[in-house]
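Note that the coordinates shown come from a computational prediction; the quantities given were computed from them, not determined experimentally.
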Amino acid sequence: MSIRGVFTALVYREVVWLKRFIGDYVTIWLLPSIYGLGIVFLPTLMSDIDFVLQRFSNLFNHPMGLTDALALSLSLSAILTVVAVTVGDVVQTLYAEFKVYGSFTIILETVSVTAFVLATSFMRPLIMTVLSTLYLIPALSILLGLTGLYLYFQLLIALTLSSLVLGVLSGITGILIVFYTNVKKPWSVSSTIVPIMLSGAGVYIPIHLVPLVLKTISSVTPVPYTVELIQLIVLKGFSLEVSTPLVIIAMLFTAYYLAAFGISKNVDVRVRKS
């Protein structure tokens, strides 16, 4: 089987799973929507909307009206979903294919471990990023009209780049769990990694208020740079300022890709000799 065949198989499986688990996707769309709206409206229970908007303006160093605050809050909520879905999905898929479903022998007969791991690390984040952020299309369109639809596609680019890095990083994590540890519940690892990444990224709080340990851990992931990228896109558009987080994300992708390639190649050679 070629790399193209692996990608085709993964796409087919995602289409089938979308039909089977549509209720899960609805939940994925509803929860971040509620969270994004709550960030803006819940504080109004203790103060008026003008005070809340002033706080938002001060927090992000940009004057904002209600529409701007809602657009930014909803856009930032997408990173919560993308990180959680990508990390959990890739790690658990690799564990399931190699340890649970009994697909390991078939994979070795048709394609290398390296090709399968990298294909999974690329394709699943690409698909899951689109599917998990569909709620932004109606939300941003209601707030901003056609501009909101254009904004969504800009955000999708940023989120997709981030999810690819997270996918490769999760691929490394999955390979280490499967072949180098005796972990029986991979979701316990992914469910621990996700909150650490998010809490250290300063999604809704200034990054300088984040504890140093969490900030340091999160800094070797694309999450804090994606948060910065989303803020710039929503508030300022695709300006020259986006180049810095984009370069850092690209550097992280290159580093993790090389690591994933080397580790999976070593695993492929080792398991074929055994």
Side-chain angles (χ1 to χ4, degrees), residues 31-32 35-36 39-40 55-62 64 68-69 71-91 121 125-126 128-129 132-133 136 151-152 154-173 189-260:
L31 290 181
Y35 190 83
I39 289 293
V40 176
R55 295 284 292 183
F56 256 78
S57 300
N58 295 337
L59 182 62
F60 295 100
N61 196 29
H62 187 89
M64 277 187 268
D68 298 321
L72 178 59
S73 184
L74 287 168
S75 298
L76 286 173
S77 72
I79 192 65
L80 307 178
T81 305
V82 168
V83 172
V85 169
T86 299
V87 174
D89 192 71
V90 173
V91 170
S121 300
L126 286 174
M128 297 304 294
T129 298
S132 65
T133 60
L136 287 178
L151 175 60
Y152 168 74
Q154 291 179 309
L155 293 171
L156 186 60
I157 294 173
L159 290 166
T160 299
L161 293 174
S162 179
S163 70
L164 285 174
V165 183
L166 287 170
V168 178
L169 178 56
S170 301
I172 295 173
T173 304
V189 177
S190 58
S191 61
T192 301
I193 294 174
V194 169
I196 292 176
M197 286 183 181
L198 291 173
S199 59
V203 181
Y204 287 105
I205 60 175
I207 192 67
H208 65 269
L209 296 179
V210 176
L212 181 60
V213 174
L214 293 177
K215 185 163 55 176
T216 301
I217 296 173
S218 184
S219 67
V220 296
T221 77
V223 184
Y225 315 107
T226 307
V227 170
E228 180 183 356
L229 197 54
I230 290 174
Q231 292 173 3
L232 289 171
I233 291 172
V234 175
L235 300 178
K236 299 182 180 181
F238 256 104
S239 61
L240 288 177
E241 293 179 71
V242 305
S243 60
T244 300
L246 282 175
V247 169
I248 296 175
I249 291 172
M251 291 172 62
L252 287 172
F253 175 81
T254 302
Y256 287 130
Y257 173 83
L258 292 175

Of L229, T244, T254, the residue whose pairing with I249 passes side-chain contact (heavy atoms from CB on, under 4.5 Å): L229
T86 side-chain N/O to V83 backbone N/O, donor-acceptor pair under 3.5 Å: no
Minimum heavy-atom distance between V203 and Q231, given as atom pair plus value: O-NE2, 4.0 Å
Heavy-atom side-chain contact between V223 and L198 under 4.5 Å: yes
Atom pair CG/OG1 of L31 and T81 - distance to nearest 0.5 Å: 8.0 Å
L240, CG: over 12 other non-hydrogen atoms inside 6.0 angstrom: no
Close side-chain approach of L159 to I230, heavy-atom, < 4.5 Å: yes
Euclidean distance, L155 CG relative to L76 CG, rounded to 0.5 Å: 9.0 Å
T226 side, atom OG1; L166 side, atom CG - distance, nearest 0.5 Å: 7.0 Å
Flag, side chain of S57 to backbone of M64, donor-acceptor distance under 3.5 Å: yes
Closest heavy-atom pair and its distance - S190, V87: CB-CG1, 3.9 Å
T129 side chain vs L126 backbone, donor-acceptor pair below 3.5 Å: no
Spacing of D89 atom CG and S121 atom OG [to the nearest 0.5 Å]: 10.5 Å
Backbone of L156 reached by a side-chain donor or acceptor of T160 within 3.5 Å: yes
Student check: side-chain heavy atoms of F60 and V234 closer than 4.5 Å: no
Spacing of CD1 belonging to I233 relative to CD belonging to E228, to within rounding of 0.5 Å: 10.5 Å
Any donor-acceptor N/O pair, Y225 side chain to S219 backbone, under 3.5 Å: yes
Nearest non-hydrogen partners of I39 and S73, listed with the distance: CB-OG, 3.5 Å
V90 side chain reached by P125 side chain, heavy atoms, under 4.5 Å: yes
Heavy-atom check, side chain of V40 versus side chain of F56, under 4.5 Å: yes
Validation row: Y256, V220 side chains within 4.5 angstrom (heavy atoms): yes
Short side-chain to backbone donor-acceptor contact, S199 and P195, under 3.5 Å: yes
Residue from T173, V91, V194 passing side-chain contact (heavy atoms from CB on, under 4.5 Å) with V189: T173
Any S162 side-chain heavy atom under 4.5 Å of I79 side chain: yes
Heavy-atom check, side chain of L80 versus side chain of P32, under 4.5 Å: no
Any donor-acceptor N or O pair under 3.5 Å, side chains Y152, T133: yes
Value rounded to 0.5 Å, distance of CG in L169 from CD1 in I193: 7.0 Å
side-chain contact (heavy atoms from CB on, under 4.5 Å) evaluation trace for L72 with H62: CA-CA 11 Å; L72 178 59; H62 187 89; over 6 Å; no
